[in-house]
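Everything on this sheet refers to the single structure shown next.
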Amino acid sequence: MTDLPPSPYEAPGFHAEAIAAGRHRAIVGGRWDETGRAQMALLLDAGLQPHHHLLDIGAGSLRLGCKALRYLEPGHYWATDASRDLLLAGLRHELAEVPPAQRPPESQLIGDAAFTFPGVPDNITHAICFAVFPHLSPAHTEVALANLRRFPALELFAFTVFLAPEAEAGAPYRQADGVVTHPAKPPYHRTEASVQELCARLGWQAQRQDRMLPRGQVLFLARRAG
Ligand SMILES: C[S@@+](CC[C@H](N)C(=O)[O-])C[C@H]1O[C@@H](n2cnc3c(N)ncnc32)[C@H](O)[C@@H]1O
């Protein structure tokens, strides 16, 4: 998509080797329960209800899914990821506490590295992309925001990025918890103004949230502007 360096997730064999070694939790960043709870909490605070239809973009091994599936009505959870095998590892190993009737059919776990959301139905009301954009060049964020416009019922898109202050964004930047982010290689940071400009240009009204999140990521809640 760009000439910028790839993320580790784009390295050949990265997902396959980790899944084979049983590291499907580790490659989404570990901190399994805490990070799943943080995502569930932000969605509930933003108004998610059991009858809504959730799209979990870059869902990994279902760190959020294992919680959201217990909350949502059956069939209301869809997930995409660059690695479908990682989604399927989550389905196999992480849904023990989800009643069988609430587990998703494999057809709702979709391999998609291009943010085109193939096969995802029009009735999606909420979408989340958590801890994915920090790994990818800003061009991916742009494609995702543009393609999400096609979902007519979408009320809310929640996503996280790393931010850096305007004056320091051109160089490596140390986030509050110690992670060093970069302007042109992963993990990426951007300025708040650039996120706002992108959202506005693509028809979204985005609000930065003050919520504390793992690793110091910043949450934006975007709603269709018109
Ligand atoms: C840090 S993990 C976060 C996973 C999940 N959102 C969570 O919070 O548990 C980043 C995820 O992004 C996925 N990913 C990386 N590049 C992607 C792309 N181009 N399209 C979709 N998913 C991607 C990875 O496979 C991985 O599962």
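Each ligand, and each atom within it, is numbered from 1 in the order the structure gives.
Ligand 1 has an N or O atom lying under 3.5 Å from an N or O atom of His15, backbone or side chain. Residue Gly58 has at least one N or O atom closer than 3.5 Å to an N or O atom of ligand 1. Remark: ligand 1 and Tyr9 share no N or O pair separated by less than 3.5 Å (distance only, no angle test). On a distance-only criterion, His135 and ligand 1 share no N/O pair closer than 3.5 Å. Annotation: Ala113 places an N or O atom under 3.5 Å from an N or O atom of ligand 1; distance criterion only. Considering backbone and side-chain N/O of Ala82, one or more are found under 3.5 Å from N/O of ligand 1. The shortest N/O to N/O separation between Asp56 and ligand 1 does not fall below 3.5 Å.
Taking a cutoff of 4.0 Å between a charged side-chain nitrogen and a carboxylate oxygen, Arg23 and Glu17 do not qualify as a salt bridge. Ion pairing between a basic and an acidic side chain is recognised when a charged N comes within 4.0 Å of a carboxylate O; Glu97 and Arg70 show such pairing. Using a 4.0 Å cut-off between charged side-chain N and carboxylate O, Asp33 and Arg63 make no salt bridge. Looking at Arg84 and Asp112, no side-chain N of the basic residue comes within less than 4.0 Å of a carboxylate O on the acidic one, giving no salt bridge. One finds no salt bridge joining Arg224 and Glu155 here, because no Lys/Arg side-chain nitrogen approaches an Asp/Glu carboxylate oxygen to under 4.0 Å. Remark: Arg31 engages Glu34 in a salt bridge, criterion side-chain N to carboxylate O under 4.0 Å.
Under a 4.0 angstrom heavy-atom cut-off, Glu10 registers as lying outside contact with ligand 1. The closest approach between any non-hydrogen atom of Leu136 and ligand 1 is below 4.0 Å. Using a non-hydrogen distance threshold of 4.0 Å, Asp112 registers as a contact of ligand 1. Remark: distances from the non-hydrogen atoms of Ala59 to ligand 1 include one below 4.0 Å.
For ligand 1 and Phe130, the ligand atoms under 4.0 Å from any heavy atom of the residue are 3 (C), 5 (C), 6 (N), 8 (O). Atom numbering of ligand 1 starts at 1 in the shown order; those under 4.0 Å from a heavy atom of Val132 are 12 (O).
The aromatic rings of His93 and His24 lie parallel to each other, with less than 30° between the two planes, well short of the 60° mark.
The protein non-hydrogen atom at the shortest distance from atom 27 (O) of ligand 1 is Asp81 OD2, 2.7 Å.
Between the choices Arg84, Arg63, Gln217, the shortest heavy-atom distance to atom 7 (C) of ligand 1 belongs to Arg63.
Residue-level proximity to ligand 1 for Leu86 is carried by the side chain, the only part with a heavy atom below 4.0 angstrom.
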